[in-house]
> 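I'd like to ask you about the structure that follows.
Quick caveat, the model's predicted, so the values are computed rather than measured.
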Amino acid sequence: MTTKLEGFQNRQKDVGWGYAIAHVVPFVGLYYAITRRTVTPLLFAFLGNLAIGFAYGFIVAIINPTYDEKKLENSATLIGLVTAPILAKKGIEKARKYGKEKIDSN
């Protein structure tokens, strides 16, 4: 288990899109949360995709109530795969900023 300071320092290494894109792979988000001691990217990706999925389904249901559910499921999956890395990246950036503040205050 990493200490808080090690977690803050590990967050500063995450400047690219590697871990953000990897959040679509099962359990990478949990690994990131444990080694960086933050659940922010995981929550951003999960809750953001949940909100986007509900909004997408609601909008499609309003526009076309007879839309095929299988097509809706496939398109929602594609949207989730595209948005998860973007949302995770936003969460990583927020966690890095918080970690930098904590490192600087010590």
Side-chain angles (χ1 to χ4, degrees):
M1 192 74 164
T2 59
T3 65
K4 283 186 180 184
L5 182 60
E6 288 172 338
F8 295 148
Q9 290 169 343
N10 284 340
R11 292 180 202 179
Q12 301 312 307
K13 299 175 190 174
D14 303 327
V15 293
W17 280 86
Y19 270 111
I21 293 171
H23 269 73
V24 298
V25 177
F27 304 113
V28 170
L30 290 175
Y31 172 78
Y32 187 89
I34 292 168
T35 59
R36 292 347 189 229
R37 299 207 32 138
T38 181
V39 294
T40 306
L42 187 64
L43 289 176
F44 268 53
F46 178 74
L47 295 177
N49 272 327
L50 187 67
I52 290 169
F54 275 117
Y56 178 67
F58 184 73
I59 291 168
V60 169
I62 288 174
I63 294 172
N64 185 5
T66 61
Y67 196 77
D68 182 27
E69 288 184 24
K70 190 64 176 169
K71 288 181 183 177
L72 181 66
E73 183 180 322
N74 290 340
S75 59
T77 301
L78 180 62
I79 290 171
L81 288 173
V82 170
T83 59
I86 296 167
L87 294 167
K89 179 67 172 167
K90 288 295 179 190
I92 289 170
E93 289 171 359
K94 186 175 176 98
R96 283 187 71 235
K97 183 177 178 183
Y98 178 77
K100 179 102 170 104
E101 291 172 2
K102 288 296 186 179
I103 290 171
D104 291 342
S105 69
N106 286 339

> So, using side-chain hydrogen bond (donor to acceptor under 3.5 Å, both in side chains) as the criterion, who are the partners of Asn64 when residues are at least two apart?
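Testing Asn64 for side-chain hydrogen bond (donor to acceptor under 3.5 Å, both in side chains), a comparison that skips the adjacent residues, returns Thr66.
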> Please name all residues satisfying side-chain hydrogen bond (donor to acceptor under 3.5 Å, both in side chains) with Tyr98, sequence neighbours left out, ordered by chain then number.
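For Tyr98, no residue satisfies side-chain hydrogen bond (donor to acceptor under 3.5 Å, both in side chains) once neighbours in sequence are set aside.
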> Can you hop from Val25 to Leu78 via hydrophobic side chains spaced under 4.5 Å?
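Hydrophobic grouping puts Val25 apart from Leu78.
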> State which residues pass side-chain hydrogen bond (donor to acceptor under 3.5 Å, both in side chains) with Arg11; sequence neighbours excluded, sorted by chain then number.
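Result, side-chain hydrogen bond (donor to acceptor under 3.5 Å, both in side chains) vs Arg11: none returned.
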> Give me the atom names and distance for the closest heavy-atom approach of Ala84 to Val24.
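Reported closest heavy-atom pair: CB-CG1, 3.9 Å.
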> Other members of the hydrophobic cluster containing Phe27, with the 4.5 Å side-chain heavy-atom rule, please.
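Members besides Phe27, by chain and number: Leu30, Leu42.
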> Identify, with sequence neighbours excluded, every residue that meets side chain to side chain contact (heavy atoms under 4.5 Å, CB included) alongside Ala33.
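Checked Ala33 against side chain to side chain contact (heavy atoms under 4.5 Å, CB included); matches are Val39.
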> Through direct or indirect side-chain contacts below 4.5 angstrom among Ile, Leu, Val, Met, Phe, Trp and Tyr, which residues connect to Tyr56?
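Once heavy-atom contacts under 4.5 Å are chained together, Tyr56 belongs with Ile52, Val60, Tyr67, Leu72, Ile79, Leu87.
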> What residue pairs, at least two apart or across chains, pass salt bridge (charged side-chain N to carboxylate O under 4.0 Å, His left out) with a residue in residues 76-95?
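Output for this query lists Lys90-Glu93.
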> Kindly give the heavy-atom pair with the smallest separation between Pro41 and Ala88, and that separation in Å.
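For Pro41 and Ala88, the tightest heavy-atom pair comes out as CB-O, 3.8 Å.
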> Starting from Val15, can I reach Trp17 by hopping between I/L/V/M/F/W/Y residues whose side chains sit under 4.5 Å apart?
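No; Val15 is not reachable from Trp17 via cluster members.
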> Could you tell me which residues satisfy side-chain hydrogen bond (donor to acceptor under 3.5 Å, both in side chains) with Asp14, sequence neighbours excluded, listed by chain and number?
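side-chain hydrogen bond (donor to acceptor under 3.5 Å, both in side chains) check on Asp14 returns Tyr32, Arg36.
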> Tell me which pairs pass side chain to side chain donor-acceptor pair (under 3.5 Å) where either residue lies in residues 39-53, with sequence neighbours left out.
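Pairs touching residues 39-53 that pass the test: Thr38-Thr40, Asn49-Thr83.
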> With sequence neighbours excluded, what pairs up with Lys100 under the salt bridge (Lys or Arg N to Asp or Glu O under 4.0 Å) test?
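Applying salt bridge (Lys or Arg N to Asp or Glu O under 4.0 Å) to Lys100 gives Asp104.
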> Identify the heavy atoms of Gln12 and Arg96 that sit nearest to each other, and give their distance.
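It is NE2-O, 3.0 Å.
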> Crowded around Glu101 CD? As in, over 12 foreign heavy atoms under 6.0 Å?
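Yes, CD of Glu101 has more than 12 neighbouring heavy atoms, counting only those of other groups under 6.0 Å.
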> Sort and list the pairs that fulfil salt bridge (charged side-chain N to carboxylate O under 4.0 Å, His left out) and have at least one residue in residues 40-62, not counting sequence neighbours.
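Sorted pair list comes back empty.
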> With sequence neighbours left out, what residues match Lys97 under salt bridge (Lys or Arg N to Asp or Glu O under 4.0 Å)?
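Result, salt bridge (Lys or Arg N to Asp or Glu O under 4.0 Å) vs Lys97: none returned.
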